[in-house]
Structure formats: C-alpha cells, structure tokens
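Okay, structure first, notes after.
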Amino acid sequence: MKALIITDLHSWTNEEYQITKELTGYDICFLLGDISIEYLKQLQAIIHAPIYGLNGNHDSNNIEKAGITNIHGKCIEVNGIKFSGMQGSIRYKRGPYNTYTQEESIEISRTLEKADVLLTHAAAFDTQSTNIAHVGLKGILEYIEENQPRLHIHGHLHINRNKMIRNTNSISVYKAAVIDLETEEIEILYKD
C-alpha cells in the first residue's frame, strides 16, 4: 500500500499543485498539519483516495474545519495496517494552536493504541536539537520505545530524512512524498 503524505504547505507553487493533481498510484492520503484551509480545500478536490489528517502547530483545527477525519488520538486500520495519530508540537507560543507540554504529550501518547505506523506532526524528542520549536515531543519518543511501530512518519522539521529510533524507521517529510508502506521506499514529490 502506498501513502501520499502532505505536510507543512506554508507555500504551494503552481508547479507543486500540478504535480499533486497529476499524481496517481497511491492508495491513501495523510495530511500531517500546517496546511491552510484554502490548500486543504484544493487538496480535497484533486486527491482521489481516502484522506485523513492531523493539525499542526500553526493550525487552529483546520482539519476539522475542512471536514477531514482527524486521527489525533485515534487508531484506524486500512488494508490490515494500523495507523495511530498525534497532532501538534511542543508548546513554544500562546494561542489557539495544537501545542503541548512534554507531560501532556506523554499523557496523549499513553492513550494511543499500538499501531504499525505512527503518524504525527512533530518529531520525536531529540536531545540534540537546539531549536525549541523543533525539539520534538517526549510522548512520541515514549510511544516509539514502548510500541515499536514499524514506521513513524511526521512533518514539522521542513526536511526530508530517515532516522532510526530504536527499531522504528522515522521518516521526516517536507511538503509531499509517496511512501510505500511495505518496502519503505520514499518518493519525494517536490524538488528544490
């Protein structure tokens, strides 16, 4: 099964829109946050697969406002693969956003069902990070350590990379990628 992952569309060029519109060969789409209502509506019009989402740290419940099923705190099963979701990031600013203290993130993670794939907006907590907004969440790290999902897919960092956390392949996506959930092959959609 192939998943289209879209996240952190703070800007979206016409070329990137066309790439997404013409894309085929994916079975499901996950929107991992920081996508405006306008872009969410455009995505809904051009994606021809089931769409699920999470809110990012710049969203004020945009996923719900667009009428997309939010999987934050939930577990869904599609074609025999279980997905659990957690939205938001570390609380580093005030406002109606989806941000949490480290303790709150741990509480949320402990309510999540064990899944094959963990989908989050933020990364797992990283002691090496010097950027407070991108330090990650301890709840995500604890979930990975205790449940050992096969994959962890997230946005927020504005980079494309793979990183092993214990026995879990943690994939950071910036803007858009198609990930084969069986082979873990990644196709980055928008080239700089």
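Computed over heavy atoms, backbone and side chain alike; hydrogens, waters and symmetry mates excluded. Numbers here simply count residues along the sequence, with the first being 1.
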Could you walk me through whether Arg150 and Glu184 pass the salt bridge (Lys or Arg N to Asp or Glu O under 4.0 Å) check? CA-CA 9 Å; Arg150 209 167 37 79; Glu184 300 179 17; 3.3 Å; yes

With no hydrogens and no angle check, do the side chains of His58 and Lys93 hold a donor and an acceptor under 3.5 Å apart?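 Yes, a side-chain donor-acceptor pair sits under 3.5 Å.
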
If the condition is side-chain contact (heavy atoms from CB on, under 4.5 Å), which residues does Gln128 pass it with, not counting sequence neighbours?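 With neighbours one apart ignored, the set is Asp126.
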
Do the charged groups of Glu187 and Lys2 touch, with an N to O distance under 4.0 Å?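 Answer for the salt bridge query: no.
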
Ion pair present between Lys138 and Glu103, side-chain N to carboxylate O less than 4.0 angstrom?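 Salt bridge between Lys138 and Glu103, a charged N being under 4.0 Å from a carboxylate O: no.
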
Determine whether Ile28 and Ile51 fall in the same hydrophobic cluster, where Ile, Leu, Val, Met, Phe, Trp and Tyr are linked whenever their side-chain heavy atoms lie under 4.5 Å apart.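 As far as the 4.5 Å side-chain criterion goes, Ile51 and Ile28 are not connected within one cluster.
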
Ile5, Leu31: one ILVMFWY side-chain cluster at the under-4.5 Å cut-off?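 No, separate clusters.
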
Aromatic ring centroids of His158 and His156 under 6.0 Å?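 Ring centres of His156 and His158 not closer than 6.0 Å.
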
With a 6.0 Å cut-off on the ring centroids, do Phe83 and Tyr52 count as close?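 Phe83 vs Tyr52: aromatic centres not under 6.0 Å.
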
Trp12 and its side chain to side chain donor-acceptor pair (under 3.5 Å) partner, picked from Tyr190, Tyr39, Tyr17: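 Testing each of Tyr190, Tyr39, Tyr17 against Trp12, the sole residue satisfying side chain to side chain donor-acceptor pair (under 3.5 Å) is Tyr190.
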
Which residue is it: Asp34, Asp59, Asn55? I am looking for the one with a side chain to side chain donor-acceptor pair (under 3.5 Å) to His121.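 Among Asp34, Asp59, Asn55, the one meeting side chain to side chain donor-acceptor pair (under 3.5 Å) with His121 is Asp34.
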
side-chain contact (heavy atoms from CB on, under 4.5 Å) partner of Phe30, chosen from Ile71, Leu54, Leu4: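 Between Phe30 and the candidates, side-chain contact (heavy atoms from CB on, under 4.5 Å) is satisfied uniquely by Ile71.
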
Test item: [X] side-chain N/O and [Y] main-chain N/O as donor-acceptor pair under 3.5 Å:
X: Thr183; Y: Glu185; value: yes
X: Arg91; Y: Thr99; value: yes
X: Gln102; Y: Ile90; value: no

CD/Glu15: more than 12 non-hydrogen atoms of other groups inside 6.0 Å: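 Open: at most 12 neighbouring heavy atoms sit under 6.0 Å from CD of Glu15.
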
